[in-house]
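Encoded as structure tokens, the structure appears first; notes follow it.
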Amino acid sequence: MTTNPVRNNLWPRRTFLALGATLPWALHFSQSPSAAAANAIPVGLEMYSVRDALGKDPVGTVRAIAAMGYEGLEFYAPYFAWSETQAKDMRKLLDELKIRCFSTHNDDGYFSGEKLQHAQQLNLILGSKYMVMASSHAKPGLDGWRGVADTLNQAAEKLEPQGLKAGYHNHQPEFTLTDGARPMEILAKTTKPSVMLQLDVGTCIEAGANPVAWIKANPGRICSMHCKDWSPEAAKKYSVLFGEGVADWKALFQAAENGGGIQYYLMEQEGSRFPELETAQKCLQRFRAAHQG
């Protein structure tokens with residue numbers, strides 16, 4: 001996953017109005033105060049969902065996301081290429097739009113040494129609360145996953161005094177049996193309780209695990225959730241919009257909000273039958289309807 005890093009002090013000049021001219025729906029779907037009040041737990045967007053738009057026009061894309069009614073976002077790994085000046089420019093924009101950077105997704109190599117220091121500084125500037133390992137290149141076997149846990153624990157010890165926390169985001173391998181155990185279970189057991197277990201619902205389901213049971217088995221640690229649906233139909237898979245797959249969102253919301261520890265939801269979409277930004281808007285509408293229903 002790559003995107004063009006923003007140029008130092010040279011953010012693209014295209015405005016949101018220009019973006020809205022081609023995406024008129026974005027101008028009409030702004031969140032009302034009553035809608036915000038109805039959702040005590042905020043919902044943001046994992047920016048990988050709009051990766052093409054973000055790479056071309058970071059400012060216009062973030063403005064569009066805010067106008068849709070998203071209350072925050074999660075930048076993904078290419079943010080690491082930003083300078084501190086670029087991060088400050090983005091924080092200024094977020095503050096202007098009154099949305100937050102809830103967390104960031106990071107390559108596993110960002111959790112030690114100078115890379116950790118750089119990522120930490122960018123996250124602090126952005127106002128992020130969690131620095132999440134988006135995936136890992138664990139060595140074979142369960143010992144390899146224990147090594148990942150050690151990395152997360154060591155990073156957490158350095159991040160927490162600065163007001164940041166570490167987290168881990170699952171994909172299918174973490175919920176696939178390996179030597180008689182699921183790697184995600186190893187991570188849960190061997191990481192500090194303060195390390196967030198960010199649940200990717202769709203990949204958990206595809207791997208054959210039960211995301212509701214997982215939340216209940218790890219109270220207080222599912223501080224955020226990627227609300228990505230999944231369909232077993234070969235032609236659909238992850239291309240379905242929120243609510244079009246097999247995830248039991250009502251049960252997931254109930255578990256997350258009654259012991260799971262959820263602090264914020266994140267919409268994530270790998271792609272759908274609609275353009276990126278329209279997909280993000282439609283998924284948020286469907287999320288609101290499901291969560292309030």
Side-chain angles (χ1 to χ4, degrees), residues 1 44 46-48 73-77 79-80 101-113 115-116 119-120 122-123 128-160 162-179 181-207 209-228 252 255-256 260-266 268:
M1 297 184 294
E46 161 52 57
M47 296 302 281
Y48 180 70
L73 47 76
E74 179 178 73
F75 287 113
Y76 73 111
Y79 88 95
F80 185 80
C101 175
F102 295 132
S103 49
T104 59
H105 261 204
N106 302 267
D107 292 344
D108 55 0
Y110 298 176
F111 284 79
S112 60
K115 289 185 177 181
L116 177 62
Q120 173 183 284
L122 293 183
N123 276 265
S128 171
K129 184 174 181 180
Y130 290 98
M131 187 175 153
V132 183
M133 187 181 292
S135 63
S136 64
H137 300 90
K139 295 180 180 179
L142 296 181
D143 283 343
W145 290 102
R146 293 187 181 96
V148 173
D150 289 342
T151 297
L152 288 167
N153 287 332
Q154 292 167 14
E157 291 178 359
K158 295 178 181 179
L159 292 172
E160 288 175 5
Q162 305 300 318
L164 287 168
K165 293 185 178 181
Y168 190 87
H169 175 87
N170 68 271
H171 290 94
Q172 297 92 333
E174 288 85 349
F175 279 104
T176 302
L177 282 175
T178 301
D179 297 337
R182 290 187 173 91
M184 201 64 197
E185 295 169 348
I186 299 299
L187 292 176
K189 291 177 182 178
T190 55
T191 52
K192 298 173 58 175
S194 61
V195 175
M196 172 177 65
L197 304 178
Q198 187 183 68
L199 175 62
D200 184 306
V201 173
T203 56
C204 176
I205 293 174
E206 186 184 13
N210 183 330
V212 174
W214 176 251
I215 294 172
K216 292 180 178 179
N218 294 276
R221 298 195 66 181
I222 316 300
C223 303
S224 70
M225 178 190 299
H226 273 210
C227 298
K228 180 170 63 181
L252 283 161
I262 195 75
Q263 296 175 6
Y264 59 98
Y265 292 107
L266 289 165
E268 185 187 21

Side-chain polar contacts of residues 134-141 - donor-acceptor pairs under 3.5 angstrom, sequence neighbours left out - could you list them?
from : atom 1 : to   : atom 2 : distance (Å)
S136 : OG     : Y168 : OH     : 3.1
H137 : ND1    : D108 : OD2    : 3.1

Test side-chain contact (heavy atoms from CB on, under 4.5 Å) on D107 and K115; report intermediate values, then the result.
CA-CA 10 Å; D107 292 344; K115 289 185 177 181; over 6 Å; no

CA sep, side-chain torsions, deciding dist, call: E74, E268, side-chain contact (heavy atoms from CB on, under 4.5 Å)
CA-CA 10 Å; E74 179 178 73; E268 185 187 21; over 6 Å; no

For side-chain contact (heavy atoms from CB on, under 4.5 Å), just list the numbers for M196 and S224, CA-CA rounded to whole Å, side-chain angles, deciding distance to a tenth of an Å, and then say yes or no.
CA-CA 8 Å; M196 172 177 65; S224 70; 3.3 Å; yes

Under the criterion side-chain contact (heavy atoms from CB on, under 4.5 Å), I'd like the reasoning laid out for L73 against C101: C-alpha separation, chi angles, the key distance, then a yes or no.
CA-CA 5 Å; L73 47 76; C101 175; 4.1 Å; yes

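In this model, no donor atom of one side chain and acceptor atom of the other lie less than 3.5 Å apart for E46 and Q198.
Looking at residues two or more places apart in sequence or on another chain, you find no salt bridge (Lys or Arg N to Asp or Glu O under 4.0 Å) involving R221.
In plain terms, the two heavy atoms of T104 and S128 that are nearest each other are N-OG, 3.8 Å. Considering every non-hydrogen atom in both P211 and V201, the closest pair reads CG-CG1, 4.4 Å. Among all heavy-atom pairs drawn from K165 and S194, the shortest one is CD-O, 4.0 Å. For the pair A207 and T176, the tightest heavy-atom approach, listed with the atom from each and the gap, is CB-OG1, 4.2 Å. A pairwise comparison of heavy atoms in T191 and L152 identifies CG2-CD1, 4.0 Å as the closest pair. The two residues L122 and Y79 make their nearest non-hydrogen contact at CD1-O, 3.7 Å.
Atoms NZ and CG, from K189 and N218 in turn, are 10.0 Å apart once rounded to the nearest 0.5 Å. The CG atom of N123 sits 10.5 Å away from the CZ atom of F80 when rounded to the nearest 0.5 Å. Here L142 contributes atom CG and D179 contributes atom CG; the two are 4.5 Å apart, rounded to the nearest 0.5 Å. Rounding to the nearest 0.5 Å gives a distance of 8.5 Å between SG of C204 and CD1 of I215. How far CE of M47 is from OH of Y76: 9.0 Å, rounded to the nearest 0.5 Å.
In summary, of the residues considered (H105, M131, M133, Q120), a side-chain contact (heavy atoms from CB on, under 4.5 Å) with Y110 occurs for M131 alone. Between H226 and the options D200, N170, L199, a side-chain contact (heavy atoms from CB on, under 4.5 Å) holds for only D200.
Side-chain atoms of I222 and W214, non-hydrogen and from C-beta on, do get closer than 4.5 Å to each other. Between E174 and W145, the closest side-chain pair of non-hydrogen atoms falls below 4.5 Å.
Here the side chain of Q162 pairs no donor or acceptor atom with the backbone of L159 at under 3.5 angstrom. Using modelled atom types, no side-chain atom of N106 and backbone atom of L116 make a donor-acceptor pair closer than 3.5 Å.
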